[in-house]
Amino acid sequence: MAIFTSDNWSQKAIHHWQHGFMATDNPTQPTKLQALLAKNVREQMSLRPHLNTQVKLSTKAGVTQSTVGRILRGEVSPLLSNVEAVADALGVSVTSLLVEPHERDEIQYDREAYARLPESEKEKIQSYIAFVIATNKGLTFSEVTPADPAQADMLAAASSRPLDHRTLTHNETTSSPKKRAVKRS
């Protein structure tokens with residue numbers, strides 16, 4: 001057991017405060033949350049080649065490299081501002097770094113790239129998300145309704161024509177010289 005004098009302890013506290021972390025009671029054994037944070041930061045770094053080292057991440061996050069290293073080793077209880085800076089640098093939410101991957105209920109995406117998109121592209125993404133959610137609320141498009149005889153004749157005529165701008169129209173008259181005979185079995 002280490003004995004700390006008031007001078008020794010205050011020097012350590014100042015050092016920890018300056019480097020953005022707080023000492024834990026047991027520095028050799030990370031808590032579950034520290035280990036989870038370390039795992040998630042490491043995972044996010046591996047997905048981003050431009051942030052795959054401690055130096056790259058610390059530079060982007062604006063924190064010291066030793067702080068990133070200690071977070072990755074689970075040696076510290078980092079200040080929330082440092083976790084936020086690391087999350088921002090990685091383009092993820094703070095929450096996503098503090099929960100198990102299977103417990104995340106948010107969409108994982110590159111927030112910086114999304115921010116650079118024009119509004120029209122952002123609207124397309126939001127529309128697609130709304131579509132996927134709506135289709136998973138019990139709406140199905142798998143029902144097949146048989147065509148009536150007139151529709152079946154139009155379909156047969158359209159499918160027998162060569163593919164061009166007229167193939168998708170049904171306005172051709174039956175007296176058209178280009179109309180082909182439809183073989184029916």
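The figures that follow rest on heavy atoms only: side chains count, while hydrogens, waters and symmetry mates do not.
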Novice: Enumerate the salt bridge (Lys or Arg N to Asp or Glu O under 4.0 Å) contacts for residues 50-67, please, sequence neighbours excluded, ordered by first and then second residue.
Specialist: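 Passing the test, one end in residues 50-67: K60-E112.
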Novice: So does V63 get a backbone contact from the side chain of T67, meaning a donor-acceptor N/O pair under 3.5 Å?
Specialist: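 No.
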Novice: Counting N and O atoms only, with roles assigned by atom type, does the side chain of R70 sit under 3.5 Å from a partner on the main chain of S66, one being a donor and the other an acceptor?
Specialist: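 No.
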Novice: Less than 4.5 Å apart, any side-chain heavy atom of L36 and any of K39?
Specialist: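 Side chain of L36 against side chain of K39, heavy atoms only: contact under 4.5 Å found.
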Novice: Would you mind listing every salt bridge (Lys or Arg N to Asp or Glu O under 4.0 Å) that reaches into residues 82-94, with sequence neighbours excluded?
Specialist: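 Applying salt bridge (Lys or Arg N to Asp or Glu O under 4.0 Å) to every pair that reaches into residues 82-94, excluding sequence neighbours, yields nothing.
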Novice: Would V86 and V83 satisfy side-chain contact (heavy atoms from CB on, under 4.5 Å), going step by step from the backbone distance to the final call?
Specialist: CA-CA 5 Å; V86 167; V83 176; 5.8 Å; no
Novice: Among the clusters formed by ILVMFWY side chains lying less than 4.5 Å apart, do L33 and V94 turn up in the same one?
Specialist: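 Yes; tracing contacts between hydrophobic side chains, which count when under 4.5 Å, links both residues.
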Novice: How long is the straight-line distance from OG of S58 back to CD1 of I71, given to the nearest 0.5 Å?
Specialist: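 Separation between the atoms: 10.5 Å.
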Novice: Can you name the closest pair of heavy atoms from Q54 and L72 and give their distance?
Specialist: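 Shortest heavy-atom separation between Q54 and L72 comes out as CG-CD1, 3.7 Å.
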Novice: Looking at CD of E75 and CZ of R73, how far apart are the two atoms once the value is rounded to the nearest 0.5 Å?
Specialist: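 The CD atom of E75 sits 4.0 Å away from the CZ atom of R73.
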Novice: Would you check if N40 and L98 make a side-chain contact, meaning some heavy-atom pair closer than 4.5 Å?
Specialist: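 Answer no - side chains too far apart.
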Novice: Within the distance-only criterion (no hydrogens, no angle test), does the side chain of Q34 pair as donor or acceptor with the backbone N or O of V76 below 3.5 angstrom?
Specialist: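 Yes: the side chain of Q34 pairs with the backbone of V76.
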Novice: Between L57 and M45, what is the shortest heavy-atom contact and its length?
Specialist: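 Nearest pair, atom of L57 first, then M45: CD2-SD, 3.6 Å.
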Novice: Using a 3.5 Å distance criterion without hydrogens, assess whether the side chain of Q44 forms a donor-acceptor pair with backbone atoms of V41.
Specialist: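 No, because the side chain of Q44 does not come within donor-acceptor range (under 3.5 Å) of the backbone of V41.
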Novice: What's the shortest heavy-atom distance between G74 and A38, and which atoms?
Specialist: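 So the two residues come closest at N-CB, 4.3 Å.
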Novice: Return yes if some donor-acceptor pair links the side-chain N/O of S96 with the main-chain N/O of V92 below 3.5 Å, else return no.
Specialist: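 Flag not set: sc S96 to bb V92 has no pair under 3.5 Å.
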Novice: Measuring only between side-chain heavy atoms, which start at C-beta, is I125 closer than 4.5 Å to L117?
Specialist: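 A side-chain contact under 4.5 Å exists here.
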Novice: Measure across P78 and L37 and return the closest heavy-atom pair with its distance rounded to 0.1 Å.
Specialist: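 Result for this residue pair: CG-CD2, 3.6 Å.
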Novice: Is it true that E119 and K124 have a side-chain N and a carboxylate O under 4.0 angstrom from each other?
Specialist: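 No salt bridge links E119 with K124.
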Novice: What distance do Q126 atom CD and E123 atom CD have between them, rounded to the nearest 0.5 Å?
Specialist: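 Output value for this atom pair is 7.0 Å.
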Novice: Which pair of non-hydrogen atoms, one from A35 and one from P30, has the smallest distance, and what is that distance?
Specialist: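 In terms of heavy atoms, the two residues are closest at N-CB, 4.2 Å.
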Novice: Regarding E43 and S46, is there a side-chain donor-to-acceptor distance under 3.5 Å anywhere?
Specialist: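 Distance-only check fails for E43 and S46.
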